[in-house]
Amino acid sequence: MTTSEDGYDKLFEDLLRESARAAADFDSDETEYEENEQQELSDRNALRRVKSFSTELQDISDAEYRQLQLERVVLVGVWTEGTAEMADNSLAELKALAETAGSEVMEGLIQRRDKPDPSTYIGSGKLIELRQIVIATGADTVVCDGELSPSQLRTLEEKLKVKVVDRVALILDIFAQHAKSKEGKAQVELAQIAYLLPRLRGWGDSLSRQVGGRAAGGAGIGGRGPGETKIETDRRRIRDKMAKLRREIAEMKTSRDTKRQERKRNNIPSVAIAGYTNAGKSSLLNALTGAGVLVENALFATLDPTVRKCETAEGRIYTLSDTVGFVRHLPHQLIDAFKSTLEEVSGSDLIVHVVDGSHTDPFEQIRAVREVITEIGGGHIPEIIAINKVDIADPAVVLEILRKEPNSYAFSVRSGFGMEGLIRAIEKSLPHPSVEITAVIPYSRGDLVSAVHEQGEILSEEHLPEGTSIHAYVDAGLAMAIAKAEEIAASVQE
């Protein structure tokens, strides 16, 4: 729906009216999946951290060996490019990530630099200031808004005397909390140990101990000679574990590929719902299909993809799939590990790109999502921009998106405003069958009539004494099957 200038006033008059109605009716509008969703939310909230427990490290070398248990944190960002508003938005997003991981944010710092310091990420003066803030607030963790190198991580922990994690580790921790399926857990574990491997280190000389010669009794081939140091042994075991996880994920991927190929064989179009985390993808899937996917006002609330069947107004079948949310600087470890899941996006016929219209910088979210979609090979797929949460968004921002994005639609899952227009846009954007047929299908072949309804586009349909007369567009395989049925019917009549 590319909205004309004259229609903007009417659009937002309708929007305000729908929003007022939604405020009164939303609490009473319960869906059948709400009970299961509440149960999942209560289970998840039951695992939140307890404030009074400290996570300060006695031995800093344990930082990468244990789950991140963030409590009282200080955020640090380095502003290297863009506007001050963009830097503030990035730190605000880091705050939301930290709170999703179960921590309490005490303070946030931003430093303006041409590039991060290669040794300490921030300059020496800001490092002293940060140490004072850590002491004053009683924080036990510092979270940096970027990916730290192993040397930066080690130096910061030595200087600050508290645990230091970066944006990548924080996102991995959230994924570890929210993964539920076997495949999701394996993907998260693979991403975590891929992140851990180059950062593996010990305290003092504990990992440089060497066992060699006959002292490695029973080690057999490869265990004699100078021998391995402890850190070499650990790295080898981690690589073995990564290889095992990749095999397991490849086996689970086979099932997903089989289902996808079956849908393609039957020419069932697929629609992927993609977008920034917490933009409302799962809510849209629930509204369109009643899937009952967990919905929570939190980042990365759902990780496991959900595929559901949907029908157009004419009865044509297509699939809708919910995908993992994207974020600025999505860790490459996650993209590699979740490749089988992200193939639901790169292998789709249409992408419904959900945008949070109420966000302070939706255009940056659109850019970040498109960057990841292009990276996974989906840049050529047709895209619909679906602007969600317009009932609480700034009308000027929504209008700006509608003007700049040619195939954009304003809607609200919560109030139902604009949903019909979005559904019509999805149905119109589905790939169209290429073969036009005009045939009379005998009543004994009702399966072919059903297939035309499910897979084709019917222009006209009429019931005659000898069969069902259909004028439609179908794919080549179905057209051949219909022609053969007509030939058999004609030969029987002769």
Novice: Going through the checks in order, is the side chain to side chain donor-acceptor pair (under 3.5 Å) test met by N89 and E93?
Specialist: CA-CA 6 Å; N89 288 340; E93 183 176 276; over 6 Å; no
Novice: Are any non-hydrogen side-chain atoms of S358 and V390 less than 4.5 angstrom apart?
Specialist: no
Novice: Taking 4.0 angstrom as the limit, do D117 and R113 come out as a salt bridge?
Specialist: yes
Novice: Is a side-chain donor-acceptor pair under 3.5 Å present for Y121 with Q111?
Specialist: no
Novice: Just wondering, do L422 and L284 contact through their side chains at under 4.5 Å, heavy atoms?
Specialist: yes
Novice: With the side chain counted from C-beta on, respond yes when L402 and L399 share a heavy-atom pair under 4.5 Å apart, and no when they do not.
Specialist: yes
Novice: Determine whether Y276 and R328 make a side-chain contact, defined as any pair of heavy atoms from C-beta on separated by less than 4.5 Å.
Specialist: yes
Novice: Return yes if some donor-acceptor pair links the side-chain N/O of Q152 with the main-chain N/O of S149 below 3.5 Å, else return no.
Specialist: yes
Novice: Who passes salt bridge (Lys or Arg N to Asp or Glu O under 4.0 Å) against R131, sequence neighbours left out?
Specialist: none
Novice: Using every non-hydrogen atom in the two residues, find where A186 and M252 come nearest and quote the distance to one decimal.
Specialist: CB-CE, 4.0 Å
Novice: Among all residues two or more places apart in sequence or in another chain, which pass the side-chain hydrogen bond (donor to acceptor under 3.5 Å, both in side chains) test with N388?
Specialist: none
Novice: Taking the basic N atoms (NZ, or NE/NH1/NH2) and the acidic carboxylate oxygens, is any pair closer than 4.0 Å for K241 and E189?
Specialist: yes
Novice: Could you tell me whether the side chain of S270 reaches within less than 4.5 Å of the side chain of S348, counting heavy atoms only?
Specialist: yes
Novice: Determine, step by step, whether E99 and K95 satisfy the salt bridge (charged side-chain N to carboxylate O under 4.0 Å, His left out) criterion, reporting the C-alpha distance in whole Å, the side-chain angles of both residues, the deciding distance to 0.1 Å, and the verdict.
Specialist: CA-CA 6 Å; E99 289 173 345; K95 178 177 183 289; 2.7 Å; yes
Novice: Test side-chain contact (heavy atoms from CB on, under 4.5 Å) on Q187 and I249; report intermediate values, then the result.
Specialist: CA-CA 7 Å; Q187 288 168 329; I249 292 171; 3.9 Å; yes
Novice: When rounded to the nearest 0.5 angstrom, what distance separates CD1 in I128 from CD1 in I133?
Specialist: 12.5 Å
Novice: State whether the number of non-hydrogen atoms from other residues, nucleotides or ligands found under 6.0 Å of D114 atom CG is greater than 12.
Specialist: no
Novice: For I273, run the side-chain contact (heavy atoms from CB on, under 4.5 Å) check against I351, L320, T323 and tell me which one passes.
Specialist: L320
Novice: Please determine whether side-chain contact (heavy atoms from CB on, under 4.5 Å) holds for the pair R308 and T306, giving the CA-CA distance in whole Å, both sets of side-chain angles, and the decisive distance to 0.1 Å.
Specialist: CA-CA 7 Å; R308 291 290 183 268; T306 304; 3.3 Å; yes
Novice: Do Y195 and D166 get their side chains close enough for a donor-acceptor pair, meaning under 3.5 Å?
Specialist: yes
Novice: Pair V164, T141 - check side-chain contact (heavy atoms from CB on, under 4.5 Å), show working.
Specialist: CA-CA 6 Å; V164 177; T141 305; over 6 Å; no
Novice: Under a 4.0 Å threshold between the charged nitrogen and the carboxylate oxygen, would K389 count as salt-bridged to D356?
Specialist: yes
Novice: Return the minimal non-hydrogen interatomic distance between L148 and R199, and the atom names on each side.
Specialist: O-NH2, 2.9 Å
Novice: Between D361 and Q365, do the side chains contain an N or O donor and an N or O acceptor separated by less than 3.5 Å?
Specialist: no
Novice: If you look at every heavy atom in A179 and V188, which pair is closest and at what distance?
Specialist: CB-CG2, 4.0 Å
Novice: What are the two closest heavy atoms between V352 and A386, and how far apart are they?
Specialist: CG1-CB, 3.9 Å
Novice: Taking all non-hydrogen atoms of both residues, which atom of Q192 and which atom of L172 are closest, and how far apart?
Specialist: NE2-O, 3.8 Å
Novice: Any non-hydrogen side-chain atom of L75 less than 4.5 Å from a side-chain atom of E107?
Specialist: no
Novice: So L245 and I193, side-chain contact (heavy atoms from CB on, under 4.5 Å) or not? Walk me through it.
Specialist: CA-CA 10 Å; L245 285 169; I193 61 179; 3.7 Å; yes
Novice: Is there a donor-acceptor pair closer than 3.5 Å between any side-chain N or O of R72 and the backbone N or O of T137?
Specialist: yes
Novice: Would you name the heavy atoms of V74 and A139 that are closest together and state the gap between them?
Specialist: CG2-CB, 3.6 Å
Novice: With no hydrogens and no angle check, do the side chains of S90 and D145 hold a donor and an acceptor under 3.5 Å apart?
Specialist: yes
Novice: Are L109 and E129 side-chain neighbours, meaning at least one heavy-atom pair lies under 4.5 Å?
Specialist: yes
Novice: Does the structure place the NZ or CZ of K404 under 6.0 Å from the centre of the six-membered ring of F363, at an angle of no more than 45° from the ring's axis?
Specialist: yes
Novice: How long is the gap from OG on S408 to CD1 on I385, to the nearest 0.5 Å?
Specialist: 7.5 Å
Novice: Are any side-chain N or O atoms of Q177 and backbone N or O atoms of A101, one a donor and one an acceptor, separated by less than 3.5 Å?
Specialist: yes
Novice: Is the shortest heavy-atom distance from the side chain of I376 to the side chain of V345 under 4.5 Å?
Specialist: yes
Novice: Under 3.5 Å, side-chain donor or acceptor atoms of residues 366-375 against the rest of the protein: list the pairs with distances, not counting sequence neighbours.
Specialist:
from, atom 1, to, atom 2, distance (Å)
R367, NE, E364, OE1, 3.1
R367, NE, E364, OE2, 3.2
R367, NH1, E371, OE1, 2.6
R367, NH2, E364, OE2, 2.6
R370, NE, E383, OE1, 3.2
R370, NE, E383, OE2, 3.4
R370, NH1, E405, OE2, 3.3
R370, NH2, E383, OE1, 2.8
R370, NH2, E405, OE1, 2.8
T374, OG1, R370, O, 2.9

Novice: Nearest 0.5 angstrom please: I122 CD1 to L156 CG, how far?
Specialist: 6.5 Å
Novice: Count the heavy atoms belonging to other residues, nucleotides or ligands that lie under 6.0 Å from NZ of K126, then report whether that count exceeds 12.
Specialist: yes
Novice: How long is the gap from OG on S429 to CG on L350, to the nearest 0.5 Å?
Specialist: 5.5 Å
Novice: First locate atom OH of Y318, then atom SG of C310, and finally report the distance between them rounded to the nearest 0.5 Å.
Specialist: 3.5 Å
Novice: To the nearest 0.5 Å, what is the distance between SG (C144) and CG (L94)?
Specialist: 9.0 Å
